[in-house]
Amino acid sequence: MKSVRRDDHIIFSSDNGQMALYDPENGDFFGINTVGEFLWNQMVDWISVEALIAHTVNTFDGSSELIKQDVQVFLEAMMENNLILTKTE
């Protein structure tokens, strides 16, 4: 089972439904929407990808399959940019 957690070195700020992430190691900024902010806030501690998807499906309206795909795309982008940590248990 794969688990994820946000990387502690990332600085973030939220304002009016938009969250900005800043990686001080490389100077990159990233903007995420309300759903991305929800996901980011769920990853304070290690959480399984399955639990993260379930929380998101239960919180937002929409097709559970589409939400699952969106969460996976979001996590892949976060991993590619070294914004989250992953582990397999």
Side-chain angles (χ1 to χ4, degrees):
M1 175 183 312
K2 185 180 244 182
S3 294
V4 293
R5 180 175 70 84
R6 64 188 189 200
D7 197 322
D8 291 334
H9 84 278
I10 302 300
I11 298 167
F12 56 93
S13 176
S14 179
D15 186 33
N16 293 327
Q18 293 291 317
M19 179 173 270
L21 308 177
Y22 172 65
D23 185 342
E25 292 180 1
N26 61 23
D28 289 341
F29 280 94
F30 303 89
I32 56 177
N33 63 17
T34 303
V35 177
E37 181 176 0
F38 172 82
L39 294 168
W40 184 259
N41 289 330
Q42 297 297 305
M43 295 186 290
V44 173
D45 293 314
W46 289 106
I47 184 170
S48 73
V49 172
E50 291 81 9
L52 187 60
I53 291 169
H55 290 319
T56 309
V57 167
N58 291 331
T59 302
F60 294 94
D61 292 330
S63 156
S64 59
E65 277 304 309
L66 182 58
I67 290 171
K68 179 180 178 178
Q69 290 173 349
D70 288 347
V71 170
Q72 290 171 331
V73 167
F74 176 83
L75 293 176
E76 288 171 13
M78 295 289 105
M79 285 184 277
E80 287 173 7
N81 290 289
N82 299 314
L83 300 172
I84 63 173
L85 306 172
T86 62
K87 70 177 180 179
T88 304
E89 300 172 349

From [X] [atom1] over to [Y] [atom2], what is the distance, rounded to the nearest 0.5 angstrom?
X	Y	atom1	atom2	value
W40	F12	CH2	CZ	7.0 Å
L21	E37	CG	CD	9.5 Å
R6	Q42	CZ	CD	10.0 Å
L75	T86	CG	OG1	10.0 Å
N58	I67	CG	CD1	9.0 Å
I84	I10	CD1	CD1	10.5 Å

Under 4.5 Å between any side-chain heavy atoms of [X] and [Y], yes or no?
X	Y	value
M43	L52	yes
P24	I11	yes
I32	F74	yes
L39	V71	yes

- [ ] Mind checking side chain to side chain donor-acceptor pair (under 3.5 Å) for H9 and listing every partner two or more places apart, or none if nothing turns up?
- [x]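 Testing H9 for side chain to side chain donor-acceptor pair (under 3.5 Å), a comparison that skips the adjacent residues, returns D7, D23.
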Task: Test salt bridge (Lys or Arg N to Asp or Glu O under 4.0 Å) applied to E89 - qualifying residues, sequence neighbours left out - done: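 Partners of E89 by the salt bridge (Lys or Arg N to Asp or Glu O under 4.0 Å) criterion, ordered by chain and then number, come out as K87.
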TODO: Please report the C-alpha distance between F60 and F38 in whole Å, then the side-chain angles of each, then the deciding distance to 0.1 Å, and finally whether the ring-ring contact (aromatic ring centres under 6.0 Å, His included) criterion is met.
DONE: CA-CA 10 Å; F60 294 94; F38 172 82; 5.2 Å; yes
Task: Closest heavy-atom pair and its distance - A51, I47 - done: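 Heavy-atom minimum between the residues: CB-CG1, 3.9 Å.
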Open item on the list: Taking V35's backbone N and O only, do any of them form a donor-acceptor pair with N33's side chain (distance below 3.5 Å, no angle check)?
Closed with: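 At least one qualifying donor-acceptor pair exists.
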